[in-house]
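Take a look at the structure set out below.
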2 protein chains.
Amino acid sequence: MPRQVDHDERRRQLTEALLRIASTRGLQAVSMREIAAEAGVSLRVVQYYFTNKQALLESGLTELGARMDRRVKQRAAAAADELTPRGVFAAVLGAILPFDEQSELDSMAWTAYYTAALTDPALAAVGVTLPNALENFLTARLTAAQQAGDIDPDRDPRTEVAGLLALANGLTSSVLSRQRSHAAATEIIDYHLDRLFGPAAA
Amino acid sequence: MPRQVDHDERRRQLTEALLRIASTRGLQAVSMREIAAEAGVSLRVVQYYFTNKQALLESGLTELGARMDRRVKQRAAAAADELTPRGVFAAVLGAILPFDEQSELDSMAWTAYYTAALTDPALAAVGVTLPNALENFLTARLTAAQQAGDIDPDRDPRTEVAGLLALANGLTSSVLSRQRSHAAATEIIDYHLDRLFGPAAA
DNA sequence: GTTGTTAGGATACGACTGTATCCATTCCGG
DNA sequence: CCGGAATGGATACAGTCGTATCCTAACAAC
């Protein structure tokens, strides 16, 4: 199969192989040769479709962001019939927590990338996009809910959202390290949503 | 200086050099030779006082835990005159958040270790000690406060504590990545403490 | 059919890794 | 004062890393 290769598809396969390694053995275990082996191709192929290791890493982070985005939208669509402000928050925060094997693997990889980004400006630039978008989106929703009179007027929407996102991230960490179950984490999230929106509808 | 060397002191210096590298350039930048250079000694010295790189890494994690423990006790002592249950929580959670340059560096290193521990069982074993101790300690305090009638009797102490610790960890992440200032993070913590204990005394 | 571009196999380079070894100091105890 | 242990300098080893190069197939267009 020498001519006519779908480059985007090839790159997608390699990126997925990279994320598989990063989520199970950590980002420090990711090497060009390991990716090649994981994807079942030669080292040359990895070099051929990505100019750099850096480009490969950035591709992995972009893909992780896209997956998270997909999960949020999927959850929002699943609860579309009851799209209250609380429902939106439950969907987004519930999509951040690892809730099945794949999302747990992705959370592992995300955590690895987050840590790497603390000392790698190039990754940081790619990585802040999604968290900022989430915060702005939720803040806008909460502000709207407040203006509609659905929540206490003397709460600061951005502060509330920042707290909830930080809580979800911290809970994700504790779920990944097996300190807490997914159910326990969800319970804590729900508890805080109750405090903000009032008790959930049946 | 051939005979009579204080081994513990030597190991402490090397461990500090290790943490300086881990907190500024990440754990993946930590190598035997880099530690030697940072500490101003030869590679042989690093080998001589630590049998392994693994032993060195574990020493770094232990030291980080000790520092955190010291910070908590220091804050508790500083607020010893007003050691209300809320004061204890404010001290512990305030010690988790990065509040000065050194604690920020330590938080960076802690984050790096946390991530490494997700794929390295040996580090995980060392690393869970402190978080578990903190959770148990705070849960005991909150249970006592509840029995004394200081907080709402239908709250679950362990759930509350788990939420607060997760919140503090998540806020730490956002402070490290410059998404939020220390002041903003502290404000969010205080806000949640108000919800739990009632408004703070003047 | 020839030509030229695309796709990848094979191999090599220099840098860096953790670890091991050899050897020269320096000092304590006898 | 002298033998032996403690300390550490210098160097080497076998791997692995990212990257570069060389060369050969395979197909499209002419």
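Hydrogens, waters and symmetry mates are skipped; everything else that's a heavy atom, side chains included, is used. Lettering of chains follows the sequences in order, A, B, ..., and the numbering in each one begins at 1.
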Given [options], the nucleotide with the shortest approach to the side chain of [X]:
X	options	value
B/Tyr48	D/dG8, C/dA7, C/dT19	D/dG8
B/Lys53	C/dG18, C/dG8, C/dG9	C/dG18
A/Met32	D/dG18, C/dA7, D/dG8	D/dG18
B/His7	D/dT7, D/dG9, C/dT19	D/dT7

Could you tell me the separation between the [atom1] atom of [X] and the [atom2] atom of [N], rounded to a whole number of Å?
X	N	atom1	atom2	answer
B/Ile35	C/dT19	CD1	C1'	14 Å
A/Gln28	C/dG18	CD	P	13 Å
B/Arg11	D/dT7	CZ	C1'	14 Å
A/Glu34	D/dC17	CD	C1'	11 Å
B/Gln13	D/dT7	CD	P	14 Å
A/Leu18	D/dG18	CG	C1'	15 Å
B/Asp6	D/dA6	CG	P	16 Å
A/Asn52	D/dC17	CG	P	17 Å

Can you give the donor-acceptor pairs under 3.5 Å from side chains of residues 40-55 of chain B to other protein atoms, not counting sequence neighbours?
unit_1	atom_1	unit_2	atom_2	d
B/Ser42	OG	B/Arg44	N	3.4
B/Lys53	NZ	B/Val30	O	3.0
B/Gln54	NE2	B/Glu58	OE2	3.3

Describe the nucleic acid contact of A/Phe50 in one word from base, sugar-phosphate, nothing, applying a heavy-atom distance below 4.0 Å.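 Result for A/Phe50 = nothing.
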Any pair with a residue in residues 57-105 of chain A that passes ring pair (Phe, Tyr, Trp, His ring centres under 6.0 Å), sequence neighbours left out, goes on the list, sorted by first then second residue, please.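 Those involving residues 57-105 of chain A are A/Phe89-A/Phe197.
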Determine the minimum heavy-atom distance between A/Leu14 and A/Ile35, stating which atoms define it.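 Minimum heavy-atom separation between A/Leu14 and A/Ile35: O-CG2, 3.9 Å.
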Quick one: list whatever passes salt bridge (charged side-chain N to carboxylate O under 4.0 Å, His left out) with B/Arg25, sequence neighbours left out.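 So B/Arg25 forms a salt bridge (charged side-chain N to carboxylate O under 4.0 Å, His left out) with B/Glu34.
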With the criterion being N/O to N/O and under 3.5 Å, what pairs connect the protein with nucleotides 20-22 of chain D, and how long is each?
unit_1	atom_1	unit_2	atom_2	d
D/dA20	N7	A/Gln47	NE2	3.0
D/dA20	N6	A/Gln47	OE1	3.1
D/dC22	N4	A/Arg44	NH1	3.4

For the pair A/Glu16 and A/Arg10, find out whether any cationic side-chain nitrogen is under 4.0 Å from an anionic carboxylate oxygen.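 Here A/Glu16 does not pair with A/Arg10 in a salt bridge, since their nearest N and O are not under 4.0 Å apart.
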Test: A/Asp194 and A/Arg86 ion pair at under 4.0 Å: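 Judged by the 4.0 Å cut-off on N to carboxylate O distance, A/Asp194 and A/Arg86 do form a salt bridge.
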Filter on salt bridge (charged side-chain N to carboxylate O under 4.0 Å, His left out), then keep only pairs touching residues 110-123 of chain B, sequence neighbours left out; what's left?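 Sorted result for residues 110-123 of chain B: empty, none.
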Taking only nitrogen or oxygen atoms into account, show me every contact under 3.5 Å that the protein makes with nucleotides 14-16 of chain D, one pair per line with its distance.
none

Just do the side-chain contact (heavy atoms from CB on, under 4.5 Å) check on B/Arg180 and A/Glu135 with the steps written out, would you? CA-CA 12 Å; B/Arg180 222 163 311 289; A/Glu135 178 169 333; 3.2 Å; yes
Minimum side-chain heavy-atom gap A/Leu164-A/Leu196 below 4.5 Å: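 A side-chain contact under 4.5 Å exists here.
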